[in-house]
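To start, the structure itself, in structure tokens.
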Amino acid sequence: MAGEKGGVETTKLSSQQGDGLCPGHESYSSTIKGDGPSTTSPTPDDSPGALVLDPEALVRTQSGPAYSVFSKGTKRWVVTMIAFSSFVSPMTANIYFPALVPIARDMGVSKSLINLTLTTYMILQAIAPTLVGDLADAAGRRPAFIIAFIIYTFANLGLALSNNFPALLVLRMVQSAGSSGTLALSFAVIADVAVSAERGKYMGIIAASINIGPALSPVVGGLLSEYLGWRSIFWFCMIYAVAWLIPYTFTVPETGRNVVGNGSILPRGINKTLIELIRSHRQRPGEAAETGQPPKRKLQFPNPFNALKVILEKDLGLLLFYNTMTYLVFILITATLSTEFSDIYHYSDLQLGLCYLPYGVGCCVAALVQGYILDRHYRRVAQKINFTIDLKRGDDLRNFPIEQARIMPVWPILFTGAAAVICYGWVLHAETHVAGPLVLLFMIGTCVTGSFSMLNTLVVDLYPQAPATAVAANNLMRCLFGAGGTAMIESMLGVLGRGWTFSFWALILVAFSPILWVLMKWGPGWREERRARKTVEKEKRAVTEGVEGS
């Protein structure tokens with residue numbers, strides 16, 4: 001931008017505030033004087049001239065810090081560890097299925113009583129993340145992960161040694177409480193370290209890990225139960241948890257933005273890795289003060305009702321409802337696969353477990369591919385509206401249609417998945433060769449689960465101040481609806497038959513799909529209303545705390 005000769009022009013050097021999560025830091029701009037044309041910033045195309053900076057014209061402006069100070073290698077290590085933790089909850093839920101009959105036989109109880117352990121497991125699976133997610137947003141990711149895995153480890157130890165049904169029932173609930181919270185934590189960690197423009201691929205890695213559980217764990221559970229006994233399933237889960245917890249405790253840094261910001265604030269106590277704690281104890285007296293320790297935080301008991309507040313937000317409530325419907329189709333097919341294939345093809349337990357593999361492979365493919373699709377479409381939308389992506393500091397989403405960037409790629413995948421579900425129902429109804437339903441299971445895993453994973457990313461984008469709580473709210477809705485759906489699906493199959501039952505659920509996805517259009521149209525306005533309201537609440541809270549402190 002050129003001015004007249006000898007003129008004076010002021011330029012402000014500013015950058016966007018990253019993802020609405022990090023406060024900006026101050027920098028300076030200046031008035032540029034010279035005999036030649038003045039410019040806002042020197043570029044190779046600028047006309048030459050003697051430029052002189054006027055110190056009196058310095059202007060204080062805002063420039064956002066780096067979104068995350070963690071190195072690329074540290075990010076990769078964190079994501080790798082989190083991916084292995086994400087495997088725990090779905091693995092624990094599905095590895096148990098092949099052992100139901102031998103457990104009922106050894107405990108001397110009916111199958112209906114053993115099925116009660118599934119119902120109570122799903123109830124705790126819905127409730128526990130609301131506590132763990134709120135704890136993680138307030139106290140940090142590390143304390144929440146460590147507490148959850150310790151609970152999970154001791155629950156598995158008790159289950160492996162249990163000899164009566166009441167103990168099995170209670171410990172199965174405790175096991176669920178320990179394992180299910182890890183899902184909310186995993187997505188929150190990705191929101192901590194990855195900006196919106198690259199979040200899709202990292203979320204895809206986590207989703208792939210989550211989807212491996214339903215694919216492989218029934219096979220693993222069947223093999224362990226058949227050759228080593230059903231107790232070996234719980235020994236396996238306990239060993240897995242301990243093998244993960246040890247390196248996590250030693251090496252994975254705290255990422256919670258309410259605790260360490262973008263990683264530049266030094267953590268305290270349990271938020272430190274064991275290696276950091278050892279180093280701090282070896283410091284000479286006075287050295288800790290020089291590093292600028294953060295002030296102590298006042299911790300409160302986790303509030304599960306914070307997740308309900310997320311559901312009551314207009315845009316998030318609609319998104320969570322539709323995401324729940326998508327998940328319901330996924331879980332109903334998983335829950336009925338073994339019984340339907342057993343009735344039609346008369347397979348053994350091991351063969352039935354192998355039938356889950358195409359479904360699981362499709363889920364993993366979807367999870368890996370959807371990340372790149374989301375990131376590419378994000379860049380496409382940014383280019384269309386001339387929005388500059390800042391991979392270092394993160395993007396200010398106040399002026400970016402994140403709803404459109406995340407939802408637009410979902411449409412073709414979602415409708416393809418719905419068509420595959422309808423075909424799956426009628427292929428089972430016709431009792432064709434097993435190759436038909438297996439191919440359709442792969443398509444359903446790819447498309448339906450892919451849609452679900454993409455919408456999960458949007459959940460995190462819309463609630464950046466407490467992503468673990470948002471994911472916990474998502475988990476609460478899907479598990480409660482999932483428990484109800486699995487309770488009624490057998491009755492639906494008996495009344496409507498396979499073809500109409502699965503067609504009904506596929507058409508539900510189509511019928512409610514206008515919700516996504518509503519989110520694209522009115523979602524940005526609702527999001528800005530929430531941001532303004534949260535800002536006012538934060539300012540009032542800061543004033544109140546200041547008055548109390550004085």
Side-chain angles (χ1 to χ4, degrees), residues 18-19 67-68 70-84 86-87 183 186-213 215 319 323 326-327 330 358-385 387-395 397 400-417 420 442-462 464 467 471 516 519-520:
D19 284 6
Y67 184 81
S68 176
F70 295 113
S71 66
K72 184 175 292 186
T74 300
K75 284 184 182 180
R76 288 174 178 172
W77 173 240
V78 169
V79 172
T80 299
M81 288 297 295
I82 297 308
F84 278 103
S86 303
F87 180 72
L183 293 182
S186 299
F187 288 115
V189 170
I190 299 303
D192 292 338
V193 301
V195 298
S196 298
E198 62 177 358
R199 194 170 291 163
K201 65 180 179 182
Y202 289 117
M203 293 284 275
I205 294 172
I206 301 302
S209 178
I210 293 173
N211 292 323
I212 288 175
L319 175 61
N323 209 21
T326 309
Y327 171 80
F330 161 79
Y359 198 33
V361 171
C363 292
C364 294
V365 170
L368 294 174
V369 172
Q370 63 96 9
Y372 294 97
I373 293 176
L374 284 179
D375 288 347
R376 188 176 69 172
H377 195 76
Y378 185 99
R379 293 192 296 269
R380 183 180 299 173
V381 172
Q383 184 179 14
K384 184 177 180 180
I385 64 174
F387 182 87
T388 302
I389 294 175
D390 191 341
L391 292 176
K392 181 179 180 181
R393 297 176 178 84
D395 299 326
L397 298 182
F400 185 81
I402 189 64
E403 294 84 358
Q404 178 183 346
R406 300 306 193 206
I407 291 175
M408 284 299 291
V410 172
W411 290 106
I413 300 174
L414 178 67
F415 288 123
T416 302
F442 174 81
M443 293 181 61
I444 293 169
T446 303
C447 298
V448 174
T449 309
S451 302
F452 177 72
S453 299
M454 289 180 177
L455 295 178
N456 274 341
T457 306
L458 181 58
V459 171
V460 174
D461 290 326
L462 294 183
V471 177
L516 301 179
L519 287 173
M520 288 194 297

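What you see is a predicted model, and the numbers here were worked out from it, not measured in a lab.
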Answer yes or no: is there a side-chain heavy-atom contact under 4.5 Å between [X] and [Y]?
X    : Y    : result
T74  : S71  : yes
R406 : L455 : no
L397 : S196 : yes
F70  : W77  : no
F400 : I385 : yes
I190 : V460 : no
L414 : M454 : no
Q383 : R379 : no

### Task
Determine, step by step, whether T80 and F84 satisfy the side-chain contact (heavy atoms from CB on, under 4.5 Å) criterion, reporting the C-alpha distance in whole Å, the side-chain angles of both residues, the deciding distance to 0.1 Å, and the verdict.
CA-CA 6 Å; T80 299; F84 278 103; 3.8 Å; yes
### Donor-acceptor under 3.5 Å (K75 side chain, A194 main chain)
no
### Backbone N/O of A83 and side chain of S209: donor-acceptor pair under 3.5 Å
yes
### Message
Testing I402, L319, L519 one by one against I407 for a side-chain contact (heavy atoms from CB on, under 4.5 Å), which residue passes?
### Response
L519
### Message
For F415 and W411, take the angle between the two ring planes, folded into 0 to 90°, and tell me which bin it lands in: parallel under 30, tilted 30 to 60, perpendicular over 60.
### Response
parallel
Considering all heavy atoms of both residues, which atom of [X] and which atom of [Y] are nearest to each other, and what is their separation?
X    : Y    : result
I413 : T446 : CG2-O, 4.4 Å
M203 : N456 : CE-O, 3.9 Å
Y67  : V193 : CE2-C, 4.1 Å

### Message
So that I know where these two stand, are F387 and Y378 an aromatic pair - ring centroids less than 6.0 Å apart?
### Response
no
### Task
Consider only side-chain N and O atoms of S186 and S86, and report whether a donor and an acceptor are under 3.5 Å apart.
yes
### Task
Quick one: do M408 and R380 satisfy side-chain contact (heavy atoms from CB on, under 4.5 Å)? Show the steps, please.
CA-CA 11 Å; M408 284 299 291; R380 183 180 299 173; over 6 Å; no
How many angstroms lie between atom [atom1] of [X] and atom [atom2] of [Y], to the nearest 0.5 angstrom?
X    : Y    : atom1 : atom2 : answer
E403 : L462 : CD    : CG    : 5.5 Å
F452 : F330 : CZ    : CZ    : 8.0 Å
I206 : F87  : CD1   : CZ    : 13.5 Å

### Query
Under the side-chain contact (heavy atoms from CB on, under 4.5 Å) criterion, do S453 and T449 qualify, and how do the steps go?
CA-CA 6 Å; S453 299; T449 309; 4.3 Å; yes
